[in-house]
Q: 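One structure is given below, represented as structure tokens, and several questions about it will come after.
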Amino acid sequence: MGRRTGRDVRDLRRVSGGSELKEQIRAALESTLRDLQLEPPAQIQLDAPRDKRHGDLSSNVALILARASGLNPRALAARIVERLQERDDCGADVDLAGPGFINFRVHSSGVSAALRELLRTGVEVGRCDAGAGARVQLEFVSANPTGPLNVVSARAAAYGSTLAAMLSLCGYEVQSEFYVNDAGRQIELLGASVRARLTELRGGAQPVPEGGYQGDYVREIAAAIPGADADAWLALPDAESDAAFGAFAVERMVDSQRGNLARFGVRYDRWFRESELHGSDAVSEARDELERSGYVYERDGALFFRSTTWNDAKDRVLVRSDGTPTYFLADAAYHRNKHDRGFAKVINVWGPDHHGHIQRMQALARAFGYPEEWLEVVIVQQVNLVEGGEKVKMSKRAGQLITLAELMDEVGEDVARYFFLMRQHASHLDFDLDLARRQSDENPVYYVKYAYARICSIIRKAASSGLRLRAPELEGSGLDPGADAPLPQAAALERLEEPAERELVQQLVDYPGFVRRAAEAREPHRLTTYSEELARTFHRFYHEQRVIQEDRDLGLARLALCHATRRVLASALHLMAIEAPQSM
RNA sequence: GCGCCCGUAGCUCAGCUGGAUAGAGCACCAGCCUCCGGAGCUGGGUGUCGGAGGUUCGAAUCCUCUCGGGCGUACCA
């Protein structure tokens, strides 16, 4: 898989992203520009304006080309509009507005054709081939197996799993991975802590070591050790004993983390053990390769990596003066391993405490000779739980952590996922526990779910009064797939002319491109915004127009609109791993 | 000190990689159920987009500086 330049990506977008309608207008516009002896810009901007009065699509070409053409933007736009109006291949009414925008109001035949296209695309709305099968690895959470998952890990889990689903829908071959740090000093400490608690359980007295783990879960682990094993491990010399207890504890913790993540709707393609690297030659190979690269030197008996070559604040230690490898070297080996596995791109989702590590990691990738865009690091910012208007104090040492499991017990999986996804990942998140607990209209998750349930209800109701459409994706869903009535022809859908209907159609048609842009920007939170807006438009449509009514053709057209909305909402909720309820 | 992130309505935040009069929710007020689900809809008002420069037809968005807040800055992981 070769490097993909920005240009390649743009070209792909044009092929796969835009609706036919948009491409038709784009083509007409390009051709008009050539008629006027103007070179069309590399990428003609043609977007839906915020304000509906400006039409369905709007282009800024006149503003862009004004300088080159020697005309002021408005005059140039006027000439372009004039030419466009003479053509009949545009499928839209054209007019000039503002400082030189060219606005298109798509004919209703075009709108209905777009809707029909969406309804015909099969079960997977929003699927496109922007990724062209490129292999992407997405690593997220990767919390140490030394304690339960906290809320930042939970946020990263919601973020990462949703992004993975989005990329996958956009044609990338995604592998999700959890890196388990099951080696090193922290594991020894965990083992020693468990051993201390076990001794305590047996009536002895042994303090938890300096810097060890204090939480109750350590006692629980100790209590779960089979007696015979415990006897044997206690008899070992200290270092080996710690290691034995540590290994047991790690397995317990990983199982628990895996279980909680699964409950949270997150499953990984692979759980990668750091110990796997140490057990093979991977670590020493990474070290050798770095030494060959020449970006390595020895000082004070330790081996340093010259990461300052790539703007890191200081050089980093690879091997300590006592001869033991650092976590950083293991990480080097890990990323080398990722590269060897053939990923075209690797995305690491890290917590806020790791943002200082980005430079050195990028430096490593550079030293290994990987392309600049190969490694992408995303930081998911911290989470404040807010209750009664105040931040909940969380102290790791006192064991007063709110865990993912507790959060799910408290507010439910769907609410938790949605709340974590509501905010941009780079922003600190205030998680309002009071609001999250409320199962009411104030809680935005239910707003979206309610819209979905309402649509399902309408579909049921319509079927019982003889109004039904063929909708194969509803097989086995409990909703009537209505095998007898085919999808209305575009002509029938043309009757969807009310403002609420047109707006709904346009939001629906925009969905595939929206998902793709959100995926490429690594911003899954946009799905929540989109879902809420779509739900709002649907509710308005529902209040303004009746689906089930005398005029059967109009009823079928509106029912088709309901089906399309249902599919898109289902897709968005599915990407977020949130249940779409048929009733609530 | 250095680095990263964030400053948008009273509060919590959107703003889809530069577009037209900056938008939602919450909170407050007033309306809407003989009718497909009222967990809904409709109206009512809020802004020096932290500040100052710059880039250009056009800036919340890009660049520089600056002021606040947060986090990070281990031969820990």
Q: Does a side-chain N or O of A:R316 approach OP1 or OP2 of B:rC75 to a distance below 4.0 Å, or not?
A: no
Q: Counting heavy atoms from C-beta on, name the nucleotide in B:rG25, B:rC16, B:rC57 closest to the side chain of A:L63.
A: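 The closest nucleotide is B:rC57.
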Q: Which glycosidic conformation, syn or anti, is assigned to B:rC33 if syn requires a torsion within 90° of zero?
A: syn
Q: With heavy atoms under 4.0 Å as the rule, sort A:N103 into base, sugar-phosphate or nothing.
A: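 Base: the residue A:N103, judged by heavy atoms under 4.0 Å, touches a nucleobase.
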Q: Roughly how many Å apart are B:rC6 and B:rG50, using the C1' atom of each and rounding to a whole number?
A: 12 Å
Q: Which part of the nucleic acid, if any, lies within contact of A:A330, taking any heavy atom under 4.0 Å across all strands shown: a base, the sugar-phosphate backbone alone, or nothing?
A: nothing
Q: If you check the A:D430 side chain, which of B:rA24, B:rA14, B:rU12 turns out closest?
A: B:rU12
Q: Partner lookup for B:rG58, please. Criteria are Watson-Crick or G-U wobble with both distances under 3.5 angstrom; report none if nothing qualifies.
A: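 Paired with no nucleotide.
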Q: Rounded to whole angstrom, note down the C1' distance from B:rC63 over to B:rU56.
A: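 Looking at atom C1' only, B:rC63 and B:rU56 are 13 Å apart.
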Q: Heavy atoms only, 4.0 Å cut-off, all strands: where does A:T529 land among base, sugar-phosphate and nothing?
A: sugar-phosphate
Q: Side chain of A:I548: nearest nucleotide among B:rC36, B:rG15, B:rA20?
A: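 Taking heavy atoms from C-beta onward, the closest nucleotide is B:rC36.
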Q: Quick one: label A:R74 by what it contacts on the DNA or RNA (base, sugar-phosphate, nothing), any heavy atom closer than 4.0 Å.
A: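 A:R74: no heavy atom of the nucleic acid under 4.0 Å.
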Q: Determine the interatomic distance between P on B:rG18 and the same-named atom on B:rG37; round to the nearest Å.
A: 44 Å
Q: Report the distance from atom OH of A:Y530 to atom C1' of B:rC16, rounded to the nearest whole Å.
A: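 Roughly 12 Å, once rounded to whole Å.
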Q: Kindly point out which of B:rG37, B:rC75, B:rC13 is positioned nearest to the side chain of A:Y450?
A: B:rG37
Q: Now, which nucleotide makes the Watson-Crick or G-U wobble pair with B:rU48, with each of the two distances under 3.5 Å?
A: none
Q: What is the base-pairing partner of B:rA20, counting Watson-Crick and G-U wobble geometry with both distances under 3.5 Å?
A: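 Paired with B:rA20, as far as the under-3.5 Å criterion goes, is no nucleotide at all.
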Q: From C-beta outward on A:F304, which listed nucleotide comes closest to its side chain: B:rU12, B:rC75, B:rC35?
A: B:rC75
Q: Roughly how many Å apart are B:rC13 and B:rG7, using the C1' atom of each and rounding to a whole number?
A: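 B:rG7 and B:rC13 have their C1' atoms separated by 12 Å.
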Q: Is A:H428 stacked against the base of B:rG70, taking the criterion as centroid distance under 5.5 angstrom and interplanar angle under 30°?
A: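 Ring-base stacking flag not set for A:H428 and B:rG70.
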Q: Sticking with atom P, work out how far B:rA22 lies from B:rG31, rounded to a whole angstrom.
A: 31 Å
Q: Under a 4.0 Å threshold between the charged nitrogen and the carboxylate oxygen, would A:E520 count as salt-bridged to A:R517?
A: no
Q: For A:F328, report the nucleic acid contact type (base, sugar-phosphate, nothing); a contact means any heavy atom under 4.0 Å.
A: nothing
Q: Identify whether any heavy atom of A:A518 sits under 4.0 Å from a base atom; if not, whether one sits that close to sugar-phosphate; answer base, sugar-phosphate or nothing.
A: nothing
Q: How far does the C1' atom of B:rC41 sit from the matching atom of B:rA60, given to the nearest Å?
A: 31 Å
Q: Which nucleotide wins on minimum distance to the side chain of A:K314, given the candidates B:rC36, B:rU12, B:rC75?
A: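 Closest of the options to the side chain of A:K314: B:rC75.
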Q: To the nearest 0.5 Å, tell me how far A:D56 CG sits from A:D510 CG.
A: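 Answer for the CG-CG pair, A:D56 versus A:D510, is 11.5 Å.
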Q: So what's B:rG43 paired with, Watson-Crick or G-U wobble, going by both distances under 3.5 Å?
A: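 Partner of B:rG43: B:rC29.
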Q: What's the closest nucleotide to the A:F514 side chain, out of B:rC16, B:rG37, B:rG15?
A: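 Between B:rC16, B:rG37, B:rG15, the one nearest the side chain of A:F514 would be B:rC16.
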Q: Classify the side chain of A:N60 versus the base of B:rG19 as yes if they form a donor-acceptor pair under 3.5 Å and no if they do not.
A: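 When only heavy-atom distances are counted, A:N60 does reach the base of B:rG19 through a donor-acceptor pair under 3.5 Å.
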Q: Please confirm whether any donor atom in the side chain of A:S58 sits under 3.5 Å from an acceptor in the base of B:rA20, or the reverse.
A: yes
Q: Are a donor atom and an acceptor atom from the side chains of A:T537 and A:Q507 found within less than 3.5 Å of each other?
A: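 Yes, side-chain donor-acceptor contact under 3.5 Å.
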Q: Given that both distances must come in under 3.5 Å, which nucleotide forms a Watson-Crick or G-U wobble pair with B:rG72?
A: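 Partner of B:rG72: B:rC2.
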Q: Do the side chain of A:S457 and the base of B:rC36 come within less than 3.5 angstrom through a donor-acceptor pair of N or O atoms?
A: no
Q: Taking all atoms of both residues into account, what is the closest heavy-atom pair of A:A572 and A:L527, and its distance?
A: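 Minimum heavy-atom contact is O-CD1, 4.3 Å.
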Q: Over all strands shown, is A:H354 touching base, sugar-phosphate only, or nothing at heavy-atom distances under 4.0 angstrom?
A: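 Here A:H354 touches the bases of the nucleic acid.
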Q: Check every atom of B:rC36, B:rC41, B:rG37 against the side chain of A:V547 and return the nucleotide holding the closest atom.
A: B:rC36
Q: If the threshold is 4.0 Å, N to carboxylate O, is there a salt bridge linking A:E501 and A:R495?
A: no
Q: Can a side chain N or O of A:Y327 be found less than 4.0 Å away from OP1 or OP2 on B:rC75?
A: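 Indeed not, no polar side-chain atom of A:Y327 lies that close.
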Q: A:A462 or A:H425: which one's nearest nucleotide on RNA chain B is closer to the 5' end?
A: A:H425
Q: Which one, B:rC57, B:rC41, B:rA20, comes nearest to the side chain of A:H539?
A: B:rC41
Q: Look at A:Y452 and B:rA39 and indicate whether a side-chain polar atom (N or O) is within less than 4.0 Å of OP1 or OP2.
A: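 Negative; the distance criterion is not met.
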Q: Go nucleotide by nucleotide along RNA chain B from the 5' end; which of A:F101 and A:C456 gets its closest nucleotide reached first?
A: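 In this pair, the answer is A:F101.
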Q: Given the P atoms of B:rG47 and B:rA24, what is the spacing between them in whole Å?
A: 15 Å
Q: Could you identify the nucleotide paired to B:rC35, looking across every strand shown and requiring Watson-Crick or G-U wobble geometry with both distances under 3.5 Å?
A: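 Its partner: none found.
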Q: Hey, can you tell me if A:Y334 and A:Y179 have their rings parallel, tilted or perpendicular (30° and 60° cut-offs)?
A: parallel
Q: Can you tell me which nucleotide in B:rC71, B:rC13, B:rC41 comes closest to the side chain of A:P352?
A: B:rC71
Q: Is the distance between the ring centroids of A:F272 and A:F178 less than 6.0 Å?
A: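 Between A:F272 and A:F178, the centre distance exceeds or equals 6.0 Å.
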Q: Do A:H354 and A:N348 get their side chains close enough for a donor-acceptor pair, meaning under 3.5 Å?
A: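 No.
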Q: Could you measure between the two C1' atoms, the one in B:rA59 and the one in B:rU64, and give it in whole Å?
A: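 To the nearest whole Å, 15 Å.
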Q: Check whether the side chain of A:H355 and the base of B:rG3 form a donor-acceptor pair under 3.5 Å.
A: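 Under the 3.5 Å cut-off, the side chain and the base do form a donor-acceptor pair.
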Q: In whole angstrom, what separates A:I379's CD1 from B:rG3's P?
A: 17 Å
Q: Evaluate the ring planes of A:F431 and A:F420, with Trp represented by its six-membered ring, and classify them as parallel (under 30°), tilted (30 to 60°) or perpendicular (over 60°).
A: tilted
